Novice: 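A single structure is presented below for examination.
Everything numeric in this text was worked out from a predicted model, so none of it was measured.
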Amino acid sequence: MNQSFWQPAPEDLRLHPFQCHVWMHRWDRDTTPDAACLALLDESSRSRANRFRRPEDRRRFLSTHATLRVLLSRYLGFSPAQIQIGTAKGGKPRLELNSAKASSDVRFNLSHSGGLSLMSFALGAEVGVDVEQVQHRTQVRELVERWFSPREQTGLLRLPESDLRPAFFRTWACKEAYLKGLGEGLLRGLGTFSVETNPVKPAALIEDPELPESPARWRIQDIPVDEGYVAAISTPHPHASGIRGFLTPG
Ligand SMILES: CC(C)(COP(=O)(O)OP(=O)(O)OC[C@H]1O[C@@H](n2cnc3c(N)ncnc32)[C@H](O)[C@@H]1OP(=O)(O)O)[C@@H](O)C(=O)NCCC(=O)NCCS
């Protein structure tokens, strides 16, 4: 992991235009009691939490969503209880702003895989994030052929076997981060656009025939997370030079 990307979080959390913050939360090490997490959630999140059958899924949800609300409250200057989260048309969670803070325009997104959750925040621009735990049993060749664009298939399938697996998961994270930034989720179809697949090149959106202006607008960036995981963030800032990473306490 690139330690220098992850900075100590400042006391006064402030987002500036053209800046994104990404937080890495190791929910499996979070010792906050369930009851304390539940107390931070709104009614609909509480009932979602209670619908999980597997204890670890419930725990992950509680820890991640409680942390999300604490962070949102710090960015907005609200108490967590005042934060209302709704969903946009494509299903992307977004803030339902009350009139007192109608000028706040903080956007966020979250992702989880294995023991990690990532939460991203931006001001006045969309943001998407995805983290993937690299799976060693996944039949990556088949998935590339099934889901990725012809251009990505060409790029990935010529890689030596040892490079293909990490490149596949990185490509997946970039693609999902982009779709989550757009708010469309996977219903849009992963094969309808292409990202950079070359492991030695920086992450990028290469082409999106449905939204031809997107490659010039959207920035995708790798996020250096824990060993065994890959992650990416997306935002339409043309100069999103300020992507900063913070670790949640614990
Ligand atoms: C949304 C989606 C991309 C999530 O992918 P995933 O790999 O399962 O999960 P991730 O951990 O990366 O992301 C999950 C988070 O993305 C967010 N999310 C949900 N829908 C989203 C959307 N349309 N755009 C952006 N973010 C979304 C949520 O915060 C969710 O976390 P939560 O379930 O704890 O609230 C994927 O499930 C999807 O596209 N689904 C299609 C829509 C769908 O199935 N709808 C069901 C009803 S028709």
Side-chain angles (χ1 to χ4, degrees), residues 6-17 19-52 54-113 115-131 180-181 183 185 223 225 231 233 235 243-250:
W6 302 101
Q7 305 286 323
E11 275 300 304
D12 179 24
L13 271 188
R14 228 176 257 270
L15 275 164
H16 300 285
Q19 209 182 42
C20 287
H21 289 176
V22 54
W23 289 76
M24 180 160 68
H25 178 60
R26 296 179 176 112
W27 66 265
D28 57 349
R29 300 188 204 170
D30 179 17
T31 54
T32 313
D34 284 2
C37 294
L38 270 170
L40 291 166
L41 304 188
D42 60 13
E43 197 42 52
S44 84
S45 301
R46 253 182 248 143
S47 69
R48 271 190 80 192
N50 290 328
R51 287 202 295 272
F52 286 106
R54 295 194 316 165
E56 67 266 34
D57 290 338
R58 181 171 191 270
R59 180 68 209 149
R60 189 244 317 137
F61 182 89
L62 284 175
S63 171
T64 302
H65 283 259
T67 304
L68 174 72
R69 295 177 76 86
V70 167
L71 292 174
L72 282 171
S73 76
R74 289 181 61 194
Y75 283 113
L76 293 164
F78 286 9
S79 73
Q82 286 175 292
I83 289 171
Q84 291 164 24
I85 296 177
T87 47
K89 206 167 113 219
K92 184 174 185 176
R94 68 163 183 212
L95 280 171
E96 299 289 337
L97 293 174
N98 67 24
S99 52
K101 284 275 181 176
S103 59
S104 302
D105 195 10
V106 173
R107 320 278 177 93
F108 66 95
N109 196 226
L110 75 83
S111 179
H112 38 71
S113 186
L116 286 190
S117 295
L118 290 194
M119 288 162 245
S120 58
F121 301 86
L123 186 64
E126 282 306 337
V127 63
V129 69
D130 191 61
V131 58
K180 291 177 74 184
I223 301 295
V225 283
I233 189 171
T235 180
I243 297 180
R244 300 176 65 194
F246 304 118
L247 296 173
T248 59

Novice: Could you give the distance from CG (L15) to CZ (R107), rounded to the nearest 0.5 Å?
Specialist: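 Rounded to the nearest 0.5 Å, the CG-CZ separation comes to 12.0 Å.
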
Novice: Indicate yes or no for a side-chain donor-acceptor contact from N109 to the backbone of V129 under 3.5 Å, with no hydrogens or angles considered.
Specialist: yes

Novice: Enter the distance from Y75:OH to L95:CG here, rounded to the nearest 0.5 Å.
Specialist: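 Those atoms lie 12.5 Å apart.
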
Novice: Less than 3.5 Å apart, any donor N or O on the side chain of S117 or H25 sitting next to an acceptor on the other?
Specialist: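 The answer is no; no qualifying pair exists.
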
Novice: What residues, two or more places apart in sequence or in another chain, satisfy side chain to side chain donor-acceptor pair (under 3.5 Å) together with T87?
Specialist: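 Not a single residue meets the side chain to side chain donor-acceptor pair (under 3.5 Å) criterion with T87.
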
Novice: Could you report the tightest heavy-atom contact between W6 and V22, atom names first, then the distance?
Specialist: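 In terms of heavy atoms, the two residues are closest at CZ3-O, 3.6 Å.
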
Novice: What closest approach, in Å, do S73 and S79 show between heavy atoms, and which atom pair accounts for it?
Specialist: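 Result for this residue pair: CB-C, 3.9 Å.
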
Novice: CD of E43 to CD of Q84: how many Å apart, nearest 0.5 Å?
Specialist: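 One gets 13.0 Å once the value is rounded to the nearest 0.5 Å.
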
Novice: With sequence neighbours left out, what residues match A231 under side chain to side chain contact (heavy atoms under 4.5 Å, CB included)?
Specialist: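 By the side chain to side chain contact (heavy atoms under 4.5 Å, CB included) rule, A231 matches L118, V131, I223, V225.
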
Novice: Under 3.5 Å, side chain of R60 to main-chain N/O of L116, donor-acceptor pair present?
Specialist: no

Novice: Would I85 and L68 count as a side chain to side chain contact (heavy atoms under 4.5 Å, CB included) if you check the C-alpha gap in whole Å, the side-chain angles of each, and the deciding distance to 0.1 Å?
Specialist: CA-CA 11 Å; I85 296 177; L68 174 72; 4.1 Å; yes

Novice: Apply ring pair (Phe, Tyr, Trp, His ring centres under 6.0 Å) to F246 and list each qualifying residue two or more places apart in sequence or on a separate chain.
Specialist: H21, W23

Novice: Give the minimum heavy-atom separation between T235 and A125, together with the two atoms involved.
Specialist: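 Closest heavy-atom pair between T235 and A125: OG1-CB, 4.3 Å.
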
Novice: Look up atom CH2 in W27 and atom CG in L62, then write down how far apart they are to the nearest 0.5 Å.
Specialist: 10.5 Å

Novice: Please, which pairs that meet salt bridge (charged side-chain N to carboxylate O under 4.0 Å, His left out) have at least one residue in residues 80-93, sequence neighbours excluded?
Specialist: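 Matches after skipping sequence neighbours: K92-E126.
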
Novice: Give, for atom CG of D12 and atom CZ of R74, the distance between the pair rounded to the nearest 0.5 Å.
Specialist: 8.5 Å

Novice: Are F108 and L71 close enough that some pair of their side-chain heavy atoms sits under 4.5 Å apart?
Specialist: no

Novice: Hey, what do you get for CD1 (I83) to CG (L72), rounding to the nearest 0.5 Å?
Specialist: 5.0 Å

Novice: Could you list the donor-acceptor pairs under 3.5 angstrom formed between side-chain atoms of residues 31-39 and any protein atom two or more places apart in sequence or on another chain?
Specialist:
{"unit_1": "T32", "atom_1": "OG1", "unit_2": "D30", "atom_2": "OD1", "d": "2.6"}
{"unit_1": "D34", "atom_1": "OD1", "unit_2": "R59", "atom_2": "NH1", "d": "2.4"}
{"unit_1": "D34", "atom_1": "OD2", "unit_2": "R58", "atom_2": "NH1", "d": "3.3"}

Novice: My understanding is that only residues two or more places apart in sequence, or in another chain, count here; which of them pass side chain to side chain contact (heavy atoms under 4.5 Å, CB included) with S45?
Specialist: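 Checked S45 against side chain to side chain contact (heavy atoms under 4.5 Å, CB included); matches are L41, D42, F61.
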
Novice: Keeping R69 on the side-chain end and L40 on the backbone end, is there a donor-acceptor pair under 3.5 Å?
Specialist: yes

